[in-house]
Amino acid sequence: MNKKEVIQALETIAVYMEIKGENTFKTSAYRKAAQTLEQDERSLSEIQTPASLNSIGKGTAAVIEELRDTNQAQVLETLKSEIPEGLIPLLDLQGLGGRKVAKLYQELQITDAASLKQACESRRVRELSGFGAKTEEKILAALEDMGSRPDRLPVAFMLETAKMLEKEIKNLADVKRWARAGSLRRMEETIKDLDYILSVSVENTDPIRTQLKELPYVSEVIADGPSKVSLELALSYPVQIDFRLTDDDAFATTLHHFTGSKDHNVQIRQIAKSRGERVSEYGIENLETKEVTSFSSEEDFFHYLGLYYIPPEARAGTGETTMYQQPYETVERSDIKGDLHMHTTWSDGALSVEEMAEEVRSRGHEWMAVTDHSKFLQVAHGLDEERILRQIEEIRRVNDQYEDFTVLAGIEMDIRPDGTLDIEDEVLSRLDVVIASIHSSFSQSRTDIMKRLDAALEHPSVHIIAHPTGRLIGRREGYDADVQTLLKKAAKTGTALELNANPNRLDLSAAWLRKAADTGTMISINTDAHTPDMLDHMEIGTASAKKALLQKEQIVNTRNIEELRAFLQGKQERTKR
DNA sequence: GCCGTTTTCGGCCCGACTGTTTTCAGTCG
């Protein structure tokens with residue numbers, strides 16, 4: 001078995017054990033082991049002794065080695081023979097966990113979704129102790145939904161939903177301050193539900209809870225208690241929203257708590273515990289004096305624990321609590337000085353060169369590049385050599401209107417399926433910025449794709465490779481690029497790789513960007529805007545770079561115009577040698 | 001099952017809400 005399969009098997013063991021009613025610490029030990037393997041960069045053969053890893057002991061190490069060497073593990077085979085496979089998906093049903101599923105199996109011989117449905121319909125489930133009529137109805141409803149609802153939704157969709165919702169939240173009475181929390185605040189690529197923390201200035205939360213339940217599109221109230229309201233919205237997909245109500249003293253710690261991630265919280269609590277303190281959403285309690293300290297901001301909270309402020313995006317539980325014992329500066333939105341990838345009416349954009357320049361400038365940037373599509377992309381009315389030359393003149397004309405702002409002439413040039421570039425060298429050399437992209441023949445072999453990318457990397461005029469994997473989050477995988485090799489070659493040739501800031505893309509992903517720090521590859525955060533509002537995606541791109549813990553120096557956008565020109569010039573000089 | 005200059009046994013992050021009970025187990029985040 002390879003590493004992925006071993007990780008999968010360990011997680012399966014944990015799930016089966018859950019139904020078997022094993023000690024929860026035992027099941028979580030298997031989960032932890034799977035996670036440890038996942039977070040280790042090495043392959044299975046490189047990890048010779050799994051037991052040497054943190055939180056993998058003698059027991060799980062033996063299982064891992066058994067899986068690796070024999071493709072199976074006795075403990076898993078035994079579990080499989082004891083527990084029907086059809087029970088596993090039942091754990092995904094809202095309100096059903098290991099214990100309840102076990103009870104259904106043991107007392108009603110339920111083995112899968114079909115037999116569960118039957119048992120509910122014949123009202124046998126409500127007879128079980130710990131179950132009741134309401135539980136039975138909920139199970140039936142959940143069975144109906146099963147399969148029709150994706151587990152997690154792409155961040156782009158959730159950002160839209162969040163924006164819609166926040167217009168309403170702003171108007172709520174008696175809310176002192178509020179914030180996004182959860183995986184959206186951490187800028188995960190896919191999001192399960194939305195979380196908001198509301199600081200309320202009243203004793204009785206009934207009126208505010210009533211307001212929440214009257215929000216648009218609410219189709220169901222999942223939970224409604226003094227400090228928590230959970231709703232389901234009927235949008236194009238059902239979306240769950242959790243509101244936490246808190247007083248202002250606990251706001252910062254509540255926000256931290258519900259921003260997570262879970263693993264991050266566990267690490268924070270362990271730190272506190274080692275100091276004789278306990279962290280909860282209400283503050284930090286001294287276990288001896290029982291005194292609870294509260295904080296006015298997350299910054300203060302982290303400082304109290306001897307840490308520097310960890311940005312939400314970086315709270316993954318993958319070592320940031322160690323890393324931020326020293327100061328560590330990731331890129332911030334305020335470091336970004338410009339945008340190198342956008343479209344105008346010359347190809348498939350919505351605004352003219354001049355209008356786009358005004359939009360970018362109004363966002364406080366110092367420079368930008370116009371990069372329309374090249375002629376291969378006919379559907380986008382891509383530019384041929386003759387139109388490029390005319391557009392350069394237009395761009396120079398607009399640029400001359402500004403003293404404090406620079407508009408560069410660029411192109412987003414296609415790399416054709418045969419590995420040739422779409423625009424003649426002579427014209428390319430007249431442009432300030434050349435971005436190379438793959439928009440066709442996604443199903444080519446890895447060798448062919450890499451040949452195409454190599455052609456761009458090695459060309460003296462190509463500065464950036466756009467959306468390097470071609471993926472669309474939740475919709476398509478992209479083409480088969482060898483990203484590790486791409487990162488190295490880009491670093492070697494002085495070519496930047498794009499972090500496409502469009503939330504549908506986020507390409508390269510934060511996971512790959514994190515590797516870019518090791519290879520020393522330059523990253524350009526580009527909005528690829530086709531409309532003015534898409535220019536605001538820079539915020540999202542920067543958050544993704546932050547998630548990867550990229551630093552200012554590695555990001556093209558943090559340069560002023562002189563430094564930017566030096567970078568662009570550098571590619572030509574380097575490849576000429 | 002894992003882990004340990006407070007420990008080789010006895011802990012393991014913490015709390016809200018629901019639905020079932022009649023004080024709490026189970027689920028969830």
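Every chain is numbered from 1 and lettered A, B, ... according to where its sequence line falls, protein lines coming before strand lines.
Looking at residues two or more places apart in sequence or on another chain, you find no ring pair (Phe, Tyr, Trp, His ring centres under 6.0 Å) involving His537(A).
Taking atom NZ on Lys58(A) and atom P on dC3(B), their separation rounds to 12 Å, with Å as the unit. Summarising the geometry, the separation between NZ on Lys228(A) and P on dT27(B) is reported as 15 Å, rounded to the nearest angstrom. A straight line from CD of Gln94(A) to P of dG26(B) spans 18 Å, rounded to a whole angstrom. Computed from coordinates, the Leu96(A) CG to dT20(B) P distance equals 12 Å when rounded to whole Å. Spacing between atom CD1 of Ile268(A) and atom C1' of dC14(B) amounts to 14 Å, rounded to whole angstrom units. Distance Asp195(A) CG to dC28(B) C1': 12 Å, rounded to the nearest Å. Here dC3(B) presents its P atom at 10 Å from CG of Leu53(A), a figure rounded to the nearest Å. Per the geometry, CZ belonging to Phe25(A) stands 12 Å off C1' belonging to dC14(B), to the nearest Å.
For DNA chain B, the residues of residues 119-134 of chain A within the heavy-atom distance limit of 4.0 Å (strictly under) are Gly130(A), Phe131(A), Gly132(A), Ala133(A), Lys134(A), sorted by number. Contacts between residues 99-113 of chain A and DNA chain B, defined by a heavy-atom separation under 4.0 Å, are made by Arg99(A), Lys100(A).
For Ser280(A), counting side-chain heavy atoms from C-beta on, the closest listed nucleotide (dC2(B), dC14(B), dA16(B)) is dC14(B). Listed nucleotides dG29(B), dA16(B), dG19(B) differ in distance to Lys192(A); the shortest reach to its side chain belongs to dG29(B). Nearest nucleotide to the side chain of Ala223(A), out of dG29(B), dG1(B), dC17(B): dC17(B). Distance from the side chain of Arg244(A) is smallest to dA16(B) among dA16(B), dC2(B), dG15(B). Of the candidates dC2(B), dA16(B), dC12(B), the closest approach to any side-chain atom of Asn23(A) belongs to dC12(B).
An OP1 or OP2 oxygen of dC12(B) is reached within less than 4.0 angstrom by a side-chain nitrogen or oxygen of Lys273(A). Using a 4.0 Å cut-off, some side-chain N or O of Thr135(A) falls inside it from OP1 or OP2 of dT20(B). Regarding contacts with the backbone of dG19(B), a side-chain N or O of Lys138(A) is found under 4.0 angstrom from either OP1 or OP2.
Within 4.0 Å of Leu93(A), counting heavy atoms only, lie sugar-phosphate atoms of the nucleic acid but no base atom. At the heavy-atom level, Glu22(A) lies nowhere under 4.0 Å from the strands shown. Counting any heavy atom pair closer than 4.0 Å across all strands shown, Lys262(A) reaches a base atom.
Figure legend: cation-pi geometry between Lys103(A) and Phe131(A) absent, as NZ or CZ is not positioned both under 6.0 Å from the six-membered ring centre and within 45° of its axis. Note that Arg244(A) lies outside the cation-pi zone of Phe251(A), set by a 6.0 Å cut-off to the ring centre and a 45° limit from the axis.
With C1' as the reference atom, dG1(B) and dT8(B) are 15 Å apart, rounded to whole Å. dA25(B) and dT20(B): their C1' atoms are spaced 9 Å apart (whole Å). Rounded to a whole angstrom, the distance from the P atom of dG11(B) to that of dA16(B) is 23 Å. Taking the P atoms as reference points, dC28(B) lies 25 Å from dT23(B), given to the whole Å. Rounded to whole Å, the separation between the P atoms of dT27(B) and dT21(B) comes to 15 Å.
Side-chain N or O atoms of Thr49(A) include none that pairs as donor or acceptor with a backbone N or O of Ala51(A) at under 3.5 Å.
Relative orientation of the Phe157(A) and Tyr237(A) rings is perpendicular, given thresholds of 30° and 60° on the angle between their planes. By the 30° and 60° cut-offs, the orientation of the rings of His303(A) relative to Tyr308(A) is perpendicular.
Nearer to the 5' terminus of DNA chain B, by closest-nucleotide assignment, is the contact made by Ala61(A) (compared with the other of Gly97(A) and Ala61(A)). Of the residues near DNA chain B, Pro226(A) and Ser28(A), the one whose nearest nucleotide (by heavy atom distance) lies more toward the 5' end is Ser28(A).
At a threshold of 4.0 Å, the pair Glu188(A)-Lys547(A) counts as salt-bridged, since one of the basic side-chain nitrogens sits closer than that to a carboxylate oxygen.
No hydrogens or angles considered: nothing links the side chains of Asn286(A) and Glu288(A) as a donor-acceptor pair under 3.5 Å. There is a side-chain donor-acceptor pair under 3.5 Å between Glu277(A) and Tyr304(A).
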Check against side-chain contact (heavy atoms from CB on, under 4.5 Å), Tyr217(A) and Leu235(A): CA-CA 7 Å; Tyr217(A) 306 108; Leu235(A) 300 168; 3.7 Å; yes
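Proximity of the aromatic rings of His257(A) and Tyr282(A) is defined here by a centroid distance below 6.0 angstrom, and this criterion is not met.
Pair check for dC12(B) finds dG1(B); Watson-Crick or G-U wobble, both atom distances under 3.5 Å.
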